[in-house]
Trainee: 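One structure follows; several queries about it will come next.
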Amino acid sequence: MPQYWLMKSEPDDCSIDDALAAPGATVPWTGVRGWQARNYMAKQMQVDDGVLFYHSSCPQPGIVGIARVASGTRPDPTQFDPESPYYDPASKPEHPRWLLLDVQALRKTRLLGLPEMRATPELADMVVLRRGNRLSITPVDPVHWHFIVDRMLA
DNA sequence: GCCAACGTTGGC
DNA sequence: GCCAACGTTGGC
């Protein structure tokens with residue numbers, strides 16, 4: 001059974017348009033620096049899982065596209081790059097601490113903005129809407145996934 | 001730029 | 001293994 005996820009990206013860094021314009025519409029999901037999100041990637045996420053592409057830290061936060069998990073995990077090279085904002089001097093190449101996986105954008109949708117998500121009773125229980133939620137990757141209940149996909153593609 | 005609410009760390 | 005303090009996320 002596929003699982004479903006919501007992945008936050010800052011559009012200044014990688015927007016849905018950037019992802020769609022990448023070769024194969026596929027981007028390495030760099031910069032995850034939290035253990036919970038890291039462990040979702042390492043232990044639960046599988047190729048072909050569904051992904052809601054979410055823009056955060058921007059004027060109009062919300063879901064902007066549909067994507068899929070396109071690879072297993074490998075070490076995130078930005079952790080070893082002193083020039084990168086994601087550099088982690090404590091992580092050694094022989095024991096990489098942070099992982100990434102590839103995400104393939106499938107299509108852009110209309111904006112399902114955060115205010116609309118909050119105003120939609122069917123979505124009230126989404127993990128990402130929990131107060132103060134800070135995880136960059138959150139699991140999405142299949143019921144929520146189907147509701148959103150149906151609504152966005154209708 | 002502010003700041004609430006959090007996830008993570010580290011002392012014990 | 002608890003939990004207070006810290007640093008960060010992310011919406012506004």
Side-chain angles (χ1 to χ4, degrees), chain A residues 3-22 27-46 49-70 72-141 143-145 147-149 151-152:
Chain A
Q3 299 186 88
Y4 304 102
W5 308 92
L6 181 144
M7 300 179 77
K8 296 178 183 173
S9 182
E10 301 188 11
D12 286 348
D13 186 27
C14 181
S15 69
I16 184 70
D17 290 322
D18 294 335
L20 283 166
V27 290
W29 205 265
T30 58
V32 173
R33 295 293 181 275
W35 289 99
Q36 282 189 225
R38 191 209 90 109
N39 290 338
Y40 283 140
M41 289 196 289
K43 300 181 179 178
Q44 296 192 45
M45 297 175 78
Q46 302 278 339
D49 280 359
V51 173
L52 299 173
F53 198 112
Y54 182 96
H55 282 174
S56 68
S57 298
C58 62
Q60 299 213 87
I63 295 166
V64 294
I66 309 290
R68 63 184 273 275
V69 175
T73 58
R74 61 183 182 276
D76 178 348
T78 64
Q79 70 196 299
F80 307 124
D81 177 5
E83 303 300 311
S84 169
Y86 304 121
Y87 179 55
D88 181 355
S91 184
K92 300 300 169 197
E94 56 276 22
H95 289 291
R97 178 175 293 191
W98 304 115
L99 306 173
L100 59 70
L101 43 69
D102 291 325
V103 173
Q104 181 179 33
L106 298 177
R107 56 166 294 171
K108 191 175 176 175
T109 61
R110 73 172 178 86
L111 171 71
L112 176 58
L114 185 58
E116 183 180 350
M117 293 169 70
R118 290 199 188 285
T120 303
E122 291 88 343
L123 302 179
D125 296 333
M126 284 189 77
V127 176
V128 74
L129 298 184
R130 286 183 194 156
R131 209 145 95 104
N133 162 74
R134 294 176 42 188
L135 292 177
S136 60
I137 301 174
T138 51
V140 173
D141 187 285
V143 172
H144 296 145
W145 168 268
F147 180 86
I148 290 168
V149 169
R151 170 176 277 213
M152 304 289 271

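Order of the sequence lines sets the chain letters (A, B, ...), proteins ahead of strands, with each chain counted from 1.
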Trainee: Using atom types as modelled and distance alone, determine if a side-chain donor or acceptor of A:S136 lies under 3.5 Å from a backbone N or O of A:V32.
Mentor: no

Trainee: Under 4.0 Å from any atom of DNA chain B, heavy atoms only: list the residues of residues 33-44 of chain A that qualify, in numerical order.
Mentor: A:G34, A:W35, A:Q36

Trainee: So among A:I148, A:I63, A:L129, A:L135, which one has a side-chain contact (heavy atoms from CB on, under 4.5 Å) with A:L6?
Mentor: A:I63

Trainee: Distance from A:T78 atom OG1 to A:R33 atom CZ, nearest 0.5 Å?
Mentor: 4.0 Å

Trainee: Of all residues at least two apart in sequence or in a different chain, which pass the salt bridge (charged side-chain N to carboxylate O under 4.0 Å, His left out) check with A:D49?
Mentor: none

Trainee: Going 5' to 3' along DNA chain C, which are the first and last nucleotides with any atom under 4.0 Å from a heavy atom of chain A?
Mentor: C:dG7 to C:dG11

Trainee: Whether the side chain of A:S9 engages the backbone of A:C14 through a donor-acceptor N/O pair (distance < 3.5 Å, no angle test) should be reported.
Mentor: yes

Trainee: If you take any heavy atom closer than 4.0 Å to DNA chain C, which residues from residues 57-67 of chain A end up in contact?
Mentor: A:S57, A:P61

Trainee: Going by the ring pair (Phe, Tyr, Trp, His ring centres under 6.0 Å) test, which pairs reach into residues 86-107 of chain A, not counting sequence neighbours?
Mentor: A:W35-A:W98

Trainee: Check for a donor-acceptor pair, side chain of A:T73 on one end and backbone N or O of A:L100 on the other, with a separation under 3.5 Å.
Mentor: no

Trainee: Treating A:Q79 as the side-chain partner and A:R97 as the backbone partner, does any N or O pair qualify as donor plus acceptor under 3.5 Å?
Mentor: yes

Trainee: In chain order, what residues pass the salt bridge (charged side-chain N to carboxylate O under 4.0 Å, His left out) check against A:D13, with sequence neighbours excluded?
Mentor: none

Trainee: Hey, is the main chain of A:T30 close enough, under 3.5 Å, to the side chain of A:D76 for a donor-acceptor pair?
Mentor: no

